[in-house]
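Since the structure comes first, as structure tokens, the remarks are kept for the end.
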Amino acid sequence: MNSMKHARQYWYPVAMIDELQAGQQRDTQLLDTRLTLTGDDQCGLIATANEKALLVTQACDHWWVTLCDTPLPIFDLPEAQEHERRFVPCGVVHVECSPLRAVENFLDIAHFPFVHTDVLGAEPHTEVYRYDVKVDESCDEVIASNIRFFQPQAAKSAEGGIHTEYTYRVPAPMVAVLYKTCPQKPDAWDVIALFVQPLSEDSCDVWPWMALFDNESTLSELIEFQQMIFVQDRSILENQIPRRLPIDPGIEIPTKADSTSVAYRRWLKQRGAYYGALAS
Amino acid sequence: MRAKTGHEDLVVWRSASGVLSAWENRCPHRGMRLSHGFVRGESLACAYHGWHFECSGRCHYIPAHPELELPRTIKPTTFDVVERDGLVWVNTTEKAIPFSLPAGATPLRSITCNTTLDALTNHIFGTTKPCSNSGCHSTTVESQQPCVLSTLLTDSSHRVYLAMQASEDHTTVVHALLSMEANETQRITVSRWLESLRREAESP
Amino acid sequence: MTFTLYNYVLSGNCYKIRLLAALLDVQYGTVAVNFHPGGEHRQEPLLRLNPAGTLPIMVTSDQTLTETQAMLVWLAQHYDDSNSWWPIHDLDTLPTVIQWLGFANRLTSSIGALRQHTLLNKPADASTTRAAGIAALRELECRLAEQSIRGEQWLAGKSPTVADIACFPYTALSPDAGIENDDYPAIRSWLHSVRSLDGFITMPGIHELHQMRDPAGASAGTLRDHHG
Ligand SMILES: N[C@H](CCC(=O)N[C@@H](CS)C(=O)NCC(=O)O)C(=O)O
Ligand code: FES
Ligand SMILES: [Fe+2]
């Protein structure tokens, strides 16, 4: 199957739920295809490509569309039904990079001390301890768990440094979800997800989303924290060369700390998810 | 800092003790441009995950694995680099051999023009004599593509040397040098002249 | 409380105020404004504070300021005992400072507008703002190259002024807008000078100078960002 055909089977985020009022229109792009989004009277969304209406669905405070008539089911995120959480769609950020590079960066912790200095990491606490990575056969997802990292300010709600624990899931090539220690509720996990809208193979719109336990911060403060983190990553993402993700080993050198990235690349390759990848 | 030659994206950096290096501008780990990195003592560290590279190019420290013994093979492609007369010369295929500049010239400034090298040199030596109305007369030229050196004489008889470097994206970097004796006012005049040279060369 | 800043973490104009406040070691309160995606700065109740619908907004005990250049001057007048950031007694330098304060508005309307477009998908005329941004950077480069010929490091006078702070954010953030600043050596070395100032803080898109940090962590904290 070619890379485009493969990519078209999935659902992609294109807007926040309440973004477009009835009659309001916005143009965007998905997998090299021009889309027009229009809000309708029933608070719904109409998405068209080349005058053809596309399948549309709602998930995690966003509108998702697919270019395929018989798409794969959208990923499952049970935490989105836990109503004691605060759901925070953070708004779109445009990045000139491969959608796969954006996901891979989200799965990486070794950059925290250098890119998110004094927030998600700080020298000398740079060591990445051994963690577990597997492809879960039941749901065919990459899962990395038992990740521990020292963080000066793990979340908006954190006061001082803590050892944070992380678990990552990649339920679709352009969707990544992380579970991390919740500073205010040590027995629970905060959920942060990155939903990537691939505009082309080397540019994307990224829609970060969070489901948190935090009763103190204002919504603006929570959004601000996440935007600060993601825009720190953006200047890295726009300066990685080549722009597309090298999916075959050889061009780039991984270490043990990159086990998630290695598993992600291998998983993409096995399923033929080459859209945004540089195949040799 | 980042530099471009004909087709190569380079990082050029100087260690604390003064050693100069020019490498391919790509970290071998995850491809980050090394020109965004930071110099710590005798190492260049990558901005993304902080891998440290010594002047030879060899990676000697990976912060995610502080104890790890590293093979000598992890290094970006390195190039020959020479510093002379205040200019840095790089050759991405063989040994770097600088043009010989007459003694007594000091660097003034480097300025990037949105024109090809040919268009720029044609402009400087063209029949329209664009430079004369700004007080400069061009005299000689040495050329060795993709790099050209030309000598100009200002009204106050100071020599200006232009080392011009073409880049694949149709821009040209001009490194201007000026006789050591030129005073502050004369140096500023030549800097302004470079600005008008660029304006004229870029105008359609 | 000295003042309250209605703040947005990704705004270069808000960062100007945070930066000078940090350099002068002034404590203040912030209110996080949901600029994106919320657009709160263009709605009530913020329009009551600033009908222009822009950020930042600075509220002091006796006035509300909505122009960043004025806020910088207010900060310097109240908290810089040396009178060097706003050199009110140096009549040779002051007009030049004001000249570059004015120039800073051109950076906002070109690079700042283009950056909102490339970063947050806000509407802007990409080719016009890009051309204006490059023209502005070239002018700044010319000025700084001449200053360096004079043996000076800053935009006006012998020490940093509010003009340097006003021009710093959108110059440093130009790569966010797709305008690389590798081609401007005098700008790069001036950016480095600003980033090396004692008390300097970062914002997303402007990384810390890690070379100044002790890798063992002893000085960690001295270059901290103040968030929220
Ligand atoms: N009031 C001017 C302009 C400030 C400005 O342009 N702020 C931007 C954010 S950095 C803004 O609020 N733009 C309004 C908008 O784009 O909706 C100043 O203080 O220099
Ligand atoms: S990309 Fe350079 S250290 Fe990771
Ligand atoms: Fe990150």
Side-chain angles (χ1 to χ4, degrees), chain A residues 15-19 26-29 61-62 88-96 111 113-119 121-126 150 152-153 155-157 161 197 199 203 205-208 217-236 238-239, chain C residues 6-12 14-15 30-41 46 55 115-123 126 172-178 180 182 201-228:
Chain A
M16 281 168 38
I17 289 295
D18 51 12
E19 186 189 317
R26 176 162 69 77
D27 290 334
T28 182
Q29 190 171 305
D61 304 299
H62 289 81
V88 187
C90 300
V92 69
V93 176
H94 175 80
V95 193
E96 290 289 313
H111 70 282
F114 300 96
V115 180
H116 309 298
T117 313
D118 290 338
V119 184
E123 290 179 286
H125 308 284
T126 55
F150 176 81
Q153 196 199 353
K156 183 68 209 170
S157 60
Q197 173 189 352
L199 305 178
S203 69
D205 279 350
V206 178
W207 304 86
S217 311
T218 65
L219 181 69
S220 301
E221 286 170 339
L222 296 174
I223 291 176
E224 171 176 79
F225 188 84
Q226 181 53 31
Q227 287 187 0
M228 169 182 78
I229 297 299
F230 188 69
V231 174
Q232 287 173 337
D233 288 316
R234 183 177 180 268
S235 54
I236 298 287
E238 296 199 337
N239 280 288
Chain C
Y6 288 78
N7 182 49
Y8 175 53
V9 73
L10 300 183
S11 151
C14 295
Y15 168 62
T30 56
V31 177
V33 178
N34 183 350
F35 180 99
H36 173 76
E40 273 177 11
H41 60 301
L46 279 180
L55 291 179
R115 176 173 169 271
Q116 281 197 30
H117 177 64
T118 56
L119 180 68
L120 305 175
N121 288 346
K122 304 287 182 208
L173 292 168
S174 74
D176 271 1
E180 294 300 329
D182 304 288
I201 55 165
T202 61
M203 74 164 273
I206 304 176
H207 287 265
E208 178 182 320
L209 289 175
H210 288 278
Q211 55 263 48
M212 296 179 59
R213 183 176 276 255
D214 174 0
S219 75
T222 57
L223 294 167
R224 264 193 85 103
D225 197 341
H226 296 213
H227 6 256

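These values consider heavy atoms only, across backbone and side chains, with no hydrogens, waters or symmetry-generated copies. All chains are named by letter (A, B, ...) in the order of the sequence lines, taking the proteins before the strands, and each is independently numbered beginning at 1.
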note = Whatever's closer than 4.5 Å to a heavy atom in chain A on C/His36 counts as both

ask   = To the nearest 0.5 Å, how far apart are CE in A/Met228 and CE in C/Met203?
value = 11.0 Å

ask   = Which atoms form the tightest heavy-atom contact between A/Cys90 and C/Pro37, and what is the distance?
value = O-CD, 3.4 Å

ask   = Between atom OG1 of C/Thr30 and atom CD of A/Glu221, what is the distance when rounded to the nearest 0.5 Å?
value = 7.0 Å

remark   = Between A/Ser220 and C/Ala32, the two heavy atoms sitting closest are CB-O, 3.3 Å

request  = Using a cut-off of under 4.5 Å on heavy-atom pairs, state which of A/Val95, A/Val115, A/Asp18, A/Thr218 scores highest against chain C.
outcome  = A/Val115

note = To the nearest 0.5 Å, atom CZ of A/Arg234 lies from atom CG of C/Leu10 at 10.0 Å

key: Gap between atom CD1 of A/Ile236 and atom NE2 of C/His207 - 0.5 Å precision   = 4.5 Å

task = Flag the one option from C/Val33, C/Asn34, C/Leu120, C/Leu119 with the top tally of heavy-atom pairs under 4.5 Å to chain A.
result = C/Leu119

Which portion of A/Glu238 sits near chain C, non-hydrogen atoms under 4.5 angstrom = side chain

ask   = Can you tell me how far CG of C/Asn121 sits from CG of A/Leu199, rounded to the nearest 0.5 angstrom?
value = 7.5 Å

request  = Hey, could you give me the OH/CD1 distance between C/Tyr8 and A/Ile223, rounded to the nearest 0.5 Å?
outcome  = 9.0 Å

task = Could you pull out the closest heavy-atom pair between A/Pro113 and C/His210, with the gap in Å?
result = O-CE1, 3.7 Å

